[in-house]
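What follows is a set of notes on a single structure, which appears directly below.
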Protein chains: 2
Amino acid sequence: MDKRIALEAFAALSQETRLDVLRLLIRAGGEGMLAGDIAVALDVRQNTMSTNLAVLHRAGLVRNERQGRAVRYFADMAGLRSLLSFLMEDCCGGAPDLCRPVLDALVCDC
Amino acid sequence: MDKRIALEAFAALSQETRLDVLRLLIRAGGEGMLAGDIAVALDVRQNTMSTNLAVLHRAGLVRNERQGRAVRYFADMAGLRSLLSFLMEDCCGGAPDLCRPVLDALVCDC
DNA sequence: CATTTATATCTAGTATTCTTGATATATGGA
DNA sequence: TCCATATATCAAGAATACTAGATATAAATG
């Protein structure tokens, strides 16, 4: 992953509405959510939400699919994975014992 | 984890110098690095680096220990873990199949 | 206790980002 | 084609963040 994209991704997540959106979409899973429904769910105005969705999209954190005249958004798990991998790069090489608990916490047993 | 802290952490990581610092400290592992050495390694002025280290510290991403008249900084792996857990919360409940690859990528075999 | 070294804080100018009203684009239906 | 619905873009004022010079604090040393 390019550092520039990583910075964009973290900047995207540093804003409350956008963090809420990504967590909402992560919970929504493969079904995703329509842009309008996201705006309603989080009580944010339409154009503000559209701007924020665009920021998340540019940062590689969400995908979307047009569906009729609506647009369905999904958390981009591949993008998220590469972001987290970029952050943890060389963690194990330097300190396996410190690294392990961090990574273990992310292994859910589903 | 409190959402406010999560937002602070992502904001901290959205700035190039601070992202570089955390990745440097993650690679440095348990030995950490002295504040001054971090500044030299990344070619950033002393006071700017001090400010940025303070931001990372407030965000729960680094720890420090005074060592004589220097201060040694470490990546705060526990803080990082809780941040990532906060982000991925309920991922499995909603979509195990999408969630798994993300988490697997973070499991290093060291 | 004066000096040196290492780090932290304060302040102000500059730059970036956020929100929102207004408006544009895109799709579907009558 | 005309209208309604869904989303995106534009522009500008307000708020926030970044950097760096100056200076303060903290610890070691002579």
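Reminder, nothing fancy here: chain letters follow the sequence lines and each chain counts from 1.
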d(CD, E65(A); P, dA6(D)) in whole Å: 19 Å
Under a 4.0 Å heavy-atom cutoff, the residues of residues 4-15 of chain B touching DNA chain D are Q15(B)
Distance, rounded to the nearest Å, where D43(B) contributes CG and dA20(D) contributes P: 10 Å
Assess whether atom CG of D43(B) is packed by more than 12 heavy atoms of other residues, nucleotides or ligands within 6.0 Å. no
With a cut-off of under 6.0 Å to the ring centre and 45° to the axis, is R23(A) in cation-pi contact with F86(B)? yes
Between P of dT27(C) and CG of N64(A), the distance in whole Å: 13 Å
Report the distance from atom CG of D37(A) to atom C1' of dT7(D), rounded to the nearest whole Å. 13 Å
In whole angstroms, the gap separating P of dA27(D) from CZ of R69(B) amounts to 12 Å
So D76(A) and L61(A), do their side chains get closer than 4.5 Å, heavy atoms only? no
Heavy-atom side-chain proximity of N64(B) to L53(B) below 4.5 angstrom: no
How long is the straight-line distance from CG of L25(A) back to CE of M33(A), given to the nearest 0.5 Å? 7.0 Å
Interatomic distance, Q67(A) CD vs dG28(C) P [rounded to whole Å]: 11 Å
For the pair made of CZ in R72(A) and C1' in dA6(D), what is the distance, rounded to whole Å? 13 Å
Side chain proximity check, V21(B) to Y73(B), heavy atoms < 4.5 angstrom: no
Quick check for you: to the nearest 0.5 Å, what is the distance between L7(B) atom CG and L19(A) atom CG? 5.0 Å
Let me confirm one number: the CG-CZ distance from N52(A) to R18(A), rounded to the nearest 0.5 Å. 5.0 Å
If the cut-off is 4.0 Å, is R45(A) near the phosphate of dT19(C), judged by side-chain N/O to OP1 or OP2? no
On the nucleotide dC18(C), are OP1 or OP2 found under 4.0 Å from the side-chain N or O atoms that R18(A) carries? yes
Is the phosphate of dA8(D), meaning OP1 or OP2, less than 4.0 Å from a side-chain N or O of Y73(A)? yes
Contact residues, residues 46-58 of chain A to DNA chain C [heavy atom, < 4.0 Å]: N47(A), T48(A), N52(A)
Once rounded to the nearest 0.5 Å, what's the spacing between atom CD1 of I26(A) and atom CD of E89(B)? 10.0 Å
